[in-house]
Number of protein chains: 2
Amino acid sequence: MAQDSMQGSLKERGVRLTRQRQILLELIDKTGEHLDAERLYQMAKEKDPKLNRVTVYRTLKMLKLGGLVDELDLMHYGGDQHYYETRLKQEHAHVICLRCGKVEEFFGDPLQKLRKQIESHFGFQVLLARTEVGGYCAHCQTLRAREVEVARVAPVTPPKRARRAAARRP
Amino acid sequence: MAQDSMQGSLKERGVRLTRQRQILLELIDKTGEHLDAERLYQMAKEKDPKLNRVTVYRTLKMLKLGGLVDELDLMHYGGDQHYYETRLKQEHAHVICLRCGKVEEFFGDPLQKLRKQIESHFGFQVLLARTEVGGYCAHCQTLRAREVEVARVAPVTPPKRARRAAARRP
DNA sequence: GTTAGTGCAAACCTTTTGCAGCTCT
DNA sequence: AGAGCTGCAAAAGGTTTGCACTAAC
């Protein structure tokens with residue numbers, strides 16, 4: 001359903017609905033949230049092996065400029081890539097656990113109040129707003145203390161980038 | 001003064017106060033805000049031409065991990081680099097004009113309320129919070145309408161990356 | 001004297017660009 | 001038919017890493 005309204009919005013602006021874009025729109029819509037370009041590319045490739053990574057980037061850029069998707073960083077947990085989600089839901093904050101990577105969404109009046117206060121305080125016209133919160137989720141808080149203790153004896157640096165790179169290699 | 005408390009905090013943890021770090025700490029402190037790694041490097045190089053860009057990155061990473069500086073994106077206006085500011089002030093949101101690039105800071109109770117609500121709602125331990133808002137500042141709102149009109153006749157794509165790249169070349 | 005930190009070069013990941021050819025409308 | 005879009009290769013931008021050397025404590 002988000003896909004339909006997206007397609008409509010694009011058609012109005014004379015944007016062509018190519019096979020590739022339909023695939024990408026469907027994935028962004030159905031998968032829901034928090035996909036980065038690479039993952040979106042991998043998923044799209046299964047539906048059309050010829051589809052190029054560049055097309056993913058170009059499509060995302062277009063959707064972002066058109067205000068159809070929002071770009072997130074998720075506190076750079078997992079790297080410096082960007083994540084995308086459709087712009088349907090009410091404004092919300094993203095809450096990222098820095099230990100397990102779980103992402104929660106928070107809807108609540110402080111967000112609306114914040115926006116309104118900024119608009120009236122500065123006479124600012126708000127187009128985009130992004131709130132990201134990092135910390136430890138309920139589950140990880142207890143596990144964390146233990147880890148800190150262990151780390152003093154045998155420090156481990158998890159190779160953040162290697163994970164993603166491995167998934168890309170043929 | 002921020003520099004002093006930073007240095008103290010580092011000393012406590014057995015971090016060495018090298019000449020390079022002193023230069024960087026002073027710049028981060030005095031310049032105040034919103035420096036990216038490259039600009040910080042350029043400024044540091046004037047005080048010590050031998051100081052390497054890598055040292056800037058390593059120092060920023062350390063300060064970030066130590067919770068002494070916060071990392072910002074400023075809505076990726078101007079590119080994908082990160083910006084840094086000392087973690088002294090009260091929590092605040094950054095308000096970025098997408099036309100002129102001006103950055104305002106907003107302090108206000110919605111931010112504290114947001115944090116508290118997230119903590120109690122999810123049982124989450126908040127360590128970092130970042131709110132960035134993009135739009136048009138009061139001054140640019142009027143100028144904007146005119147531009148949109150002009151753009152329909154003679155579209156211009158400003159080369160975002162070229163600006164920064166030019167400044168780096170020898 | 002240790003150990004942490006630096007500089008240099010090279011790598012890395014993510015994203016963008018130029019251009020020839022293809023395809024939606 | 002023709003503007004718009006894609007794929008490919010290559011580049012760019014920002015950041016990280018490996019290693020030998022240096023300097024802070």
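Just the heavy atoms: all of them, side chains too, but no hydrogens, waters or symmetry mates, feed the values below. Being a predicted model, the structure only gives us computed values, none of them experimental. Reminder, nothing fancy here: chain letters follow the sequence lines and each chain counts from 1.
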Test item: Gln20(A) and Asn52(A) side chains (from C-beta on) under 4.5 Å apart, heavy atoms
no

Is Tyr57(B) close enough to dT15(D) that one of its side-chain N or O atoms is under 4.0 Å from OP1 or OP2 there?
yes

Take atom CG of Leu40(A) and atom C1' of dT15(C), then tell me their distance rounded to the nearest Å.
14 Å

Donor-acceptor contact below 3.5 Å, side chain Gln22(B) vs main chain Leu17(B):
yes

Rounding to an integer number of Å, can you tell me how far Ile23(A) CD1 sits from dT6(D) P?
11 Å

To the nearest angstrom, how far is Asp73(B) atom CG from dG14(D) atom P?
13 Å

Less than 4.0 angstrom between a side-chain N/O of His82(A) and OP1 or OP2 of dT15(C), yes or no?
yes

Any donor-acceptor pair under 3.5 Å joining the side chain of Arg16(A) to the base of dA3(D)?
yes

How close or far is atom C1' of dA12(D) from atom CG of Asp80(B), stated in whole angstroms?
12 Å

Polar pair under 3.5 Å, donor/acceptor by atom type, side chain Arg58(B), base dG7(C)
yes

Which of the following nucleotides, dT17(C), dT15(D), dC5(D), is nearest to the side chain of Gln81(B)?
dT15(D)

With a cut-off of less than 4.0 Å, is there a side-chain N or O of Gln20(B) near OP1 or OP2 of dA23(D)?
no

Kindly state each residue pair satisfying salt bridge (Lys or Arg N to Asp or Glu O under 4.0 Å) with at least one member in residues 102-111 of chain A, sequence neighbours excluded.
Lys89(A)-Glu105(A), Lys102(A)-Glu104(A), Asp109(A)-Lys113(A)

Asp73(B) side chain to His76(B) main-chain N or O, any donor-acceptor pair under 3.5 Å?
no

Could you pick out which residue, Glu71(A) or Val15(A), lies toward the 5' side of DNA chain C when each is mapped onto its nearest nucleotide?
Glu71(A)

